[in-house]
Amino acid sequence: MSEIRQDWSDEQRRVDEIIELIDTRVERLEKETLESKSEMVEIRKNFWEDVTVNFEDTAEVAETFASMKQQAELLSERERTHGQASVQLKTLRKLRNSPYFGRIDFVEDGEQEADCVYLGIASLRDKEDENYLIYDWRAPISSLYYDYPPGPAQVETPMGTIQGELIVKRQFVIRDGIIISLFDTGVTIGDELLQEVLGRQSDAQMKSIVATIQGEQNRIIRNERSRLLLVQGAAGSGKTSAALQRVAYLLYRYRGILKADQIVLFSPNPMFNSYVSTVLPELGEENMEQTTFQDYLSYRIGKTFKLENPYAQLEYALTGLNQQGYEARMEGIQYKASGEFVAIMDRYLAYLGEQGLLFRSLVFMGGAVATAEAIAESFYSLDAGIAVPNRLRLVAEHLLKRLSERQQDARKEHWAADAIELLDNEAYVRAFQSLRRNKQYSGSTFDDHDRERDLLIDYVIRKNFKPLRSRVKKLAFVNLKATYRQLYADPAFARKFALEAGCSLPQRWEEICGATLERLDRGEMAYEDATPYLYLVERVRGFQTNTSVRHLLIDEAQDYTAFQFAFLKRLFPHSRITALGDLNQSINAHNAAGTSGFKALSDLYQPEETETILLTRSYRSTRQIVEFTSRCIEGGEKIQPFNRDGKVPGLTLVSGEDELHRLIPGRVRALLEEGHQTVAIICKTAAESLHAFQAFSSALPGLHLVERETTTFQSGVVVIPSYLAKGVEFDAVIVYNGSSVEYSRESERRLFYTVCTRAMHELHLYAIGKWSPFIPAGSLAVNGSSD
């Protein structure tokens, strides 16, 4: 028997032994979970029968409490045991299918024998619970597998650096307990394993393939030093996958200290949350908190204004070129995104600390308890050295006293007595119950007319004053909408703040101010105004900082503005930030002015706090697709394709829409017949997507339209606008209309690149009339297509 066949046989024998051990443990745990579940049900059913309840005297009450506490603790212990056993069962069942994916033999300096280490998605000990049969991929020793080829190597452990030699590095593909593939390698991860994984068809969720982690991705995952970790990665370079595996690593590394709800992911859209939702559970971890920046803005100010979302803003940028005021709006979008506008807002806020903050009068029954002018005088009479939020709280205390005085005066007024005469039976009962809850009345019924009348008057007065008191406590007497509006009311007003900040206002500032006022007066807020407005709200009322969040992940960070980065840093002051993105995929409306990108974020941190990792190799797409897409953008030659062959992207020029709508359904059916699970027809805008969906619905049963509100990523065939496809991959992509009419402005180049890089295995482009100038030179000739 050859050495290779003997190795394979020995390794399969070990897999069989591991599975036998797993089966034994699964059988035991299944029995334990069944028993603990039965005990839990029995305890819950007989809880009060097993508790001695007696309230006759203090001693009996104490005994009753002790009895209840004992039963509750017993139930809690059974629930904890059941929960732990259930988690172990879930992990063991995963291990049974594929116990491990890697092996390293490492000889520590000064030692004679090598330690043989097997790596899997979770740890497994032997029968005696003494030695590790499998190490979790997140354990310190496992970094040897990802970071070194055979030869000299070292590993960082809690006890210090261990140096030695890596003499064996073996990779496995195991399915249902059978070794499908086994090979030793001299590189980080062998091409064979990557080919096997990357060649599969996509489904509705991103998968956590820890076996294919590359050295540069391992640096992202295990980084514990940096306050700010910037990951600039080419499309398909695995940056999002590495970030999610970073979360799993941190939860493992700081187990008992760090919890999943102390990690927040800001993702590009709700559908993306669905797409990545299975990654952490697949690794045996709870999901972190996931949201979008738009959801956060809607939560904070959506009740105050009709808030525009970023996709509506981008739709306008892509389609509103011929609309009146387009240039001014785009200039305003870019300027309000900038660090310069942050500086202007800071100067304006400093000004408000001295003058100009606008207030609302506090009115009750048509009369002013305190006028806006009186509140302003009270506020500005306080020491200017006191922070604005603290001064407002002092004013609130004063106003609450004024309300108490006015509340006392109301007892002498006729309206309260008249109001109790109008109470119906239901309101009367509610009043009675409220008085009893507040211990203002201890009787079983009202039996004294005068006493009843006095109590009801108090009840009615308190009820009427309660909304006012609540508004004062929330500092709602500050007119923040008017205060923000004031910045634009006179275009010259902001100039002094710009001069103080050492920056200039945009050329169309007067037009920008006018359009902003019109929207605000209609109760609408443009997306570019949302963060500056909320920044003003927070700085005036006091930032509602979240000090519990320890790690913040920002995906598609290239689409965030300098203003948004500044806001997030204040919002999460104790958080380490991992920002992921690709500047080549900046498809936002504000990017033309250079107001986004990683520099705007890195400028907020000290250089020694920051680390930047570049990922230049693309794994998502075939070599042919990567070579095509990388020639669409400047600097694309730096992107390295993984050597996975496929078809050359197809280019089809059509004469008109009728021919386009006839050809695309046939292409989709052919792709499905080839076995592709996810096929996307990507359009430029939402309007174009709706049009395409209506054209293809009858020819393609089961076709899905992805819209802004779509929250679930589905396999099958979808029609999707370009900006909602970001961060997601598909087996095959059809570019609905890659013509010069759709993609010709330089600002659309990155959008075109983003659309094409969604494809894993096949890319097909169609165009009506004339091709986009972004099509790489030579591609048309290869396809036999011309304009």
Side-chain angles (χ1 to χ4, degrees), residues 297 301 305-308 310 312-358 479-540 560-567 586 588-597 599-600 603 745 747:
L297 292 175
I301 59 178
F305 291 98
K306 183 181 178 183
L307 179 62
E308 180 187 44
Q313 185 195 70
L314 186 55
E315 281 278 330
Y316 176 83
L318 294 173
T319 62
L321 188 62
N322 297 320
Q323 293 185 27
Q324 185 177 359
Y326 178 82
E327 291 83 2
R329 172 82 195 276
M330 294 306 297
E331 197 172 315
I333 288 171
Q334 292 156 15
Y335 192 75
K336 290 175 183 178
S338 68
E340 288 186 335
F341 198 56
V342 176
I344 286 176
M345 287 296 294
D346 285 337
R347 298 307 189 282
Y348 180 44
L349 285 159
Y351 165 85
L352 294 176
E354 299 172 359
Q355 59 182 306
L357 190 59
L358 301 177
N479 194 339
L480 292 164
K481 287 193 286 186
T483 302
Y484 185 71
R485 186 187 187 282
Q486 182 177 245
L487 184 62
Y488 305 96
D490 178 1
F493 181 59
R495 294 195 188 280
K496 61 179 179 180
F497 306 127
L499 287 172
E500 290 173 9
C503 55
S504 59
L505 292 171
Q507 181 181 350
R508 296 181 175 85
W509 178 248
E510 186 171 342
E511 195 176 343
I512 291 167
C513 287
T516 303
L517 291 176
E518 286 180 17
R519 285 192 294 268
L520 293 173
D521 291 343
R522 292 196 303 265
E524 299 172 1
M525 178 158 283
Y527 184 67
E528 63 266 25
D529 281 299
T531 306
Y533 170 74
L534 191 54
Y535 183 76
L536 179 139
V537 170
E538 295 287 80
R539 289 286 305 276
V540 170
Y560 282 68
T561 70
F563 213 129
Q564 289 169 344
F565 284 139
F567 180 83
S586 294
N588 46 72
H590 62 262
N591 191 53
T595 52
S596 68
K599 187 177 186 306
D603 285 348
R745 291 184 290 170
S747 60

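All values reported here derive from a predicted model rather than from experimental measurement.
- Every residue was checked against the side chain to side chain donor-acceptor pair (under 3.5 Å) condition with Tyr533, not counting sequence neighbours, and none meets it.
- Evaluation of the side chain to side chain donor-acceptor pair (under 3.5 Å) rule for Gln486 yields Tyr348 as partners, not counting sequence neighbours.
- For Asp603, the salt bridge (Lys or Arg N to Asp or Glu O under 4.0 Å) test picks out Lys599, with sequence neighbours left out.
- Nearest heavy atoms, Leu297 versus Ala530: CD1-CB, 3.8 Å.
- Glu528 CD to Tyr335 OH: the interatomic distance, rounded to the nearest 0.5 Å, is 14.0 Å.
- In terms of heavy-atom proximity, Ala501 sits nearest to Ala343 at CB-CB, 3.8 Å.
- Remark: Ala482 engages Leu358, Asn479 in a side-chain contact (heavy atoms from CB on, under 4.5 Å) (not counting sequence neighbours).
- Listed by chain and residue number, nothing satisfies the salt bridge (Lys or Arg N to Asp or Glu O under 4.0 Å) test with Arg495 (two or more places apart in sequence, or in another chain).
- The neighbour count for Gln324 CD, taken as heavy atoms of other residues, nucleotides or ligands under 6.0 Å away, does not exceed 12.
- Atom CZ of Phe341 is separated from atom OG1 of Thr531 by 11.0 Å, given to the nearest 0.5 angstrom.
- Pairing each heavy atom of Gly320 with each of Tyr326, the nearest pair is O-CD1, 2.8 Å.
- Residues passing the salt bridge (Lys or Arg N to Asp or Glu O under 4.0 Å) test with Glu308, sequence neighbours excluded: Arg329.
- The structure places CG of Leu352 at 10.0 Å from CZ of Arg539, a figure rounded to the nearest 0.5 Å.
- The aromatic rings of Tyr535 and Phe563 lie perpendicular to each other, with more than 60° between the two planes, well past the 30° mark.
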Residues 502-509 side chain polar contacts: donor-acceptor under 3.5 Å, at least two apart:
from   : atom 1 : to     : atom 2 : distance (Å)
Arg508 : NH1    : Glu331 : OE1    : 2.8
Trp509 : NE1    : Pro491 : O      : 3.1

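- With rounding to the nearest 0.5 angstrom, the CG atom of Leu536 is 8.5 Å from the CG atom of Leu357.
- The shortest non-hydrogen separation linking Leu520 to Tyr484 is CD1-CD2, 4.0 Å.
- A 4.5 Å side-chain heavy-atom check between Leu487 and Met345 finds at least one atom pair inside the cut-off.
- The shortest non-hydrogen separation linking Leu517 to Ala489 is CD1-CA, 3.8 Å.
- Residues Leu480 and Val540 have side chains in contact (heavy-atom distance under 4.5 Å, counting atoms from C-beta outward).
- Sorted by first and then second residue, the pairs that involve residues 511-521 and meet side-chain hydrogen bond (donor to acceptor under 3.5 Å, both in side chains), not counting sequence neighbours, are Lys336-Thr516, Arg485-Asp521.
- Here CG of Asn588 is found 9.5 Å from CD of Gln334. Values are rounded to the nearest 0.5 Å.
- For Phe567, the ring pair (Phe, Tyr, Trp, His ring centres under 6.0 Å) test picks out Phe543, with sequence neighbours left out.
- Applying the side-chain contact (heavy atoms from CB on, under 4.5 Å) rule to Leu499 yields no partners; only residues at least two apart in sequence or on another chain are considered.
- Under the side-chain contact (heavy atoms from CB on, under 4.5 Å) criterion, Glu500 pairs with Arg347, Phe497, sequence neighbours left out.
- The salt bridge (Lys or Arg N to Asp or Glu O under 4.0 Å) test applied to Glu524 returns Arg522, not counting sequence neighbours.
- Interatomic distance, OH of Tyr351 versus CD of Glu354, reported as 9.5 Å (0.5 Å rounding).
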